[in-house]
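Counting starts at 1 for both ligands and their atoms, in listed order. Note that the structure is predicted; figures quoted are calculated from it, not measured.
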Amino acid sequence: MYQVKPIAPDRLPALLRLMPKAELHIHIEGSLEPELIFALAQRNGLSLPYADVEALRRAYAFSNLQSFLDIYYAGASVLIHEQDFYDMARAYLLRAAADNVLHTEIFFDPQTHTARGVSLDTVINGLHRACVDARTETGISASLILCFLRHLSEEEAFATLEQALPLRDKFIGVGLDSSELGHPPEKFARVFARCRELGFHLVAHAGEEGPASYIWSALDVLKVERIDHGVRCVQDALLMQRLAQDRIPLTVCPLSNLKLRVFERLAEHNLGQLLDAGLAATVNSDDPAYFGGYINDNFVQTFAATGLSAQHAYTLARNSFEASFIDASAKRGFQDQLDQVLESFF
Ligand code: ADE
Ligand code: ZN
């Protein structure tokens, strides 16, 4: 592990922006900027219940997860054709590459689209083609993770999996998102067991608004490899020990937590506590178009508010590669690039 030299506080934002990193918790539908929502609505002949981009942006004032999800699913309704999914993913990938994201694992919510009559082929082919093209254009590496909506039934998740299987070479794993409270991980035990048999990587949102017990069941019932959010683990000392010992990554999203009122102030965020307890925490943007910032904004604002150090920055970037689903030699390659950038920064 690289020992980071002390750094003047005014140079920290530049380091945060410059360091190579992976983003592992980004919902592609949450990268849909109001400008693109309006452009796609026009292209597809749809009308929106907002006068203009600014009026839509003003509606982005959330009191909790559900108040956000309602507007997020409505925004996604402008996505109709394969090219729409392509354009959305391309915009995110170019933006991520500009933040020195070398690798990203992107969530998508197929049921949001299939419920409106959009085929799974349209969704996955559009997203996948954008990933392939962005690799050629910018060098960014990207893969897709299909998320089941937990407010729907396990039967519906099974039906989605069935429809997606002909496209299985275009996504690497499955996740679980949407309304957490009242929808514990064990509701999806059988479908996750099936996905595990099929060889998919497994992740789940847990401990965002839900209790620490949901993190336990994501680990022990669903057998996930990473926990998305997970910030409520601090309520359970035994769970903290388990996460640290097994190096279970947490994909933490500070600006999301602020906007959805998981923490009332960014200064109260527990990212430092998680890192200091030896957890493999990472920083991510979740739904950047809705929460006021992409990954580097999450780093810069959180470090400014909480006083985290350059050593924490390095640990977070290194964790992001460690926690990714790329092979061991690609991980080492990215981590070497990180070390080189830090070496030349000082
Ligand atoms: N879908 C998009 N963003 C989400 C979040 N933060 N939690 C749960 N589901 C989501
Ligand atoms: Zn999320």
Undergrad: Does NZ or CZ of K21 lie under 6.0 Å from the centre of the six-membered ring of F334, at an angle within 45° of the ring axis?
TA: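 Judged by the rule (NZ or CZ under 6.0 Å from the ring centre, within 45° of its axis), K21 is not positioned above F334.
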Undergrad: Kindly state each residue pair satisfying salt bridge (Lys or Arg N to Asp or Glu O under 4.0 Å) with at least one member in residues 102-114, sequence neighbours excluded.
TA: E105-R226
Undergrad: Could you walk me through whether L56 and I37 pass the side chain to side chain contact (heavy atoms under 4.5 Å, CB included) test, one step at a time?
TA: CA-CA 9 Å; L56 176 55; I37 291 181; 4.0 Å; yes
Undergrad: Taking atom CD of Q66 and atom CD of E209, what is their separation to the nearest 0.5 Å?
TA: 8.5 Å
Undergrad: For this output row, return yes or no: ring centroids of H113 and F85 closer than 6.0 angstrom.
TA: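 Distance test on ring centres: under 6.0 Å, yes.
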Undergrad: Do T112 and L79 have side chains that get closer than 4.5 Å, going by heavy atoms?
TA: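 No - every pair of side-chain heavy atoms lies 4.5 Å or more apart.
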Undergrad: Looking at D87 and R43, is any side-chain nitrogen of the basic one under 4.0 Å from a carboxylate oxygen of the acidic one?
TA: yes
Undergrad: What's the count of protein N, O or S atoms under 2.8 Å from the Zn ion (ligand 2)?
TA: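 Considering protein N, O and S only, the Zn ion (ligand 2) has 4 within range.
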Undergrad: Can you pull the salt bridge (Lys or Arg N to Asp or Glu O under 4.0 Å) pairs that have at least one residue in residues 146-167, sequence neighbours excluded?
TA: E154-R190
Undergrad: Measuring from each atom of ligand 1, which residues have a heavy atom under 4.0 Å away?
TA: H27, L65, F68, L69, Y72, D177, S178, H205, E208, H229, D286, D287
Undergrad: Quick check on the 6.0 Å ring-centre criterion: do H205 and H27 meet it?
TA: yes
